[in-house]
Amino acid sequence: MSGRKIVVALGGNAILSKDASAAAQQQALLDTARYLVEFIKQGDHLIIAHGNGPQVGNLLLQQAAGSTEANPAMPLDTAVAMTQGSIGYWMQNALSQVLAENGMNVDVATVVTQVEVAPDDPAFTNPSKPIGPFYSKDEVTKLRAEHPDQTFVEDAGRGYRRVVPSPKPIGVNESNVVNKLVDADIIPVAVGGGGVPVVRDGNRFVGREAVIDKDFASEKLAELVGADLLIILTAVDNIYVNFNKPDQKQLTNVTVKELKDYIKQDQFAKGSMLPKVEAAIKFVEQRPDAKAVVTSLQNVGQFLSEGSGTIITAAPVPTK
Ligand SMILES: Nc1ncnc2c1ncn2[C@@H]1O[C@H](COP(=O)(O)OP(=O)(O)O)[C@@H](O)[C@H]1O
Ligand SMILES: NC(=O)OP(=O)(O)O
């Protein structure tokens, strides 16, 4: 197979900004597809992963609002699978349109993906993954009284959000399916929303109520399919040290060792940039000849033409 095998993890802004309507999310994905098509045009094989935090939280609220004894709300693992379906549909639809506009006849297929987690992962008793909408202090006081089984935390000064367990991925059940699709020149959309969390029980997998971080799930999939590149697309063009301070410094080419030193200095916010940095480190440690990249969708053109963005490698890249 010629061309690079690339796992692209799409951040929140690639799907949802303020307007949670289907039409607005479909429009955002159409814009996203116009950036992604540049990889396909130059012969790369893409595997597309995406988040679902806002969508799965909103879905749980809709489920709860309409549930009756005869028509009960679905559990969180099933809700994650439902968001893989809805976002996968929007992605297939958007990318197919953009591929056709570019005169390319390439199929796109969403894979409902089960991601294995450890039953004793400590995350099950320490919810940390924010989902759904933001609430004010008054709203959250009321919600805590109404739902003593749910956990709400303050999210980076932006308000309060419900948090759910977020165990680490240890396997991707459908990684062979993803590879077969890539070999057949079909673009897979996989590990959506971090994948459906499942634990092994003899010959079967059992769903668990959790939301896996899509950056970690994308990393695990990239490892398992032998990707050449893991690209994590978010709202910033680069990773920074001293982020948002007057002396902030853009990272362009950075090694695992340098990033580990910056982690010790607390340079990356937990729950936002830190998981991306950790996923990038894990990927290049597993595959030392491969690279990881953290950049924005808007910078994809410059990444392709000039290699701009933050490029993470196991060892320093020799200068020419
Ligand atoms: N050191 C840092 N360098 C760059 N961005 C950072 C840093 N620390 C925190 N951030 C923030 O992390 C955000 C990315 O995390 P997040 O919004 O959770 O990602 P996602 O795009 O997956 O939803 C960036 O947009 C930026 O605001
Ligand atoms: N599952 C997940 O990581 O979703 P977000 O990226 O939307 O938080």
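As the structure is a computational prediction, the values presented were derived from the model and not from experiment. In listed order, ligands and their atoms are each counted from 1.
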Run through ligand 1 for me and note each protein residue having a heavy atom under 4.0 Å from it, chain first, then residue number.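 Residues near ligand 1: Gly11, Gly12, Lys214, Thr234, Ala235, Val236, Asn238, Ile239, Tyr240, Phe243, Gln267, Phe268, Ala269, Gly271, Ser272, Met273, Lys276.
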Got an N/O contact under 3.5 Å between Gly193 and ligand 2?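 Indeed, backbone or side chain, Gly193 has an N or O that close.
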So is Pro54 in contact with ligand 2, going by heavy-atom distances below 4.0 Å?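 Checking ligand 2 against Pro54, which is what was asked, there is a heavy-atom contact under 4.0 Å.
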What do you reckon, does Ile131 put a non-hydrogen atom under 4.0 Å from ligand 2?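 The answer is no, since Ile131 has no heavy atom less than 4.0 Å from ligand 2.
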Can you check whether [X] reaches [Y] side chain to side chain, under 4.5 Å on heavy atoms?
{"X": "Arg144", "Y": "Gln150", "value": "no"}
{"X": "Glu285", "Y": "Val256", "value": "yes"}
{"X": "Ile187", "Y": "Ile48", "value": "yes"}
{"X": "Ile40", "Y": "Asp44", "value": "no"}

How about Lys291: does its NZ atom have over 12 heavy atoms from other parts shown lying under 6.0 Å from it?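 Counting other residues, nucleotides and ligands, NZ of Lys291 stays at 12 neighbours or fewer.
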Using distance alone, with no hydrogens and no angle criterion, decide if Glu174 and Asn176 have a side-chain donor and acceptor under 3.5 Å apart.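 No, Asn176 and Glu174 have no side-chain donor paired with an acceptor closer than 3.5 Å.
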Compute whether any side-chain donor of one residue and acceptor of the other, for Asp138 and Ser136, lie under 3.5 angstrom apart.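 Side chains of Asp138 and Ser136: no pair found under 3.5 Å.
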Students often mix this up, so state it plainly: with edges at 30° and 60°, are the rings of Tyr135 and Phe152 parallel, tilted or perpendicular?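 Aromatic pair Tyr135/Phe152 classed perpendicular.
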Give me the residue, atom name and distance of the protein heavy atom closest to atom 5 (P) of ligand 2.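 Residue, atom and distance for the closest contact: Gly53 N, 3.6 Å.
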Pull out every atom of ligand 2 sitting under 4.0 Å from any heavy atom of Lys129, numbered as shown with elements.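 Ligand 2 atoms under the 4.0 Å threshold to Lys129: 1 (N), 2 (C), 3 (O), 4 (O), 5 (P), 8 (O).
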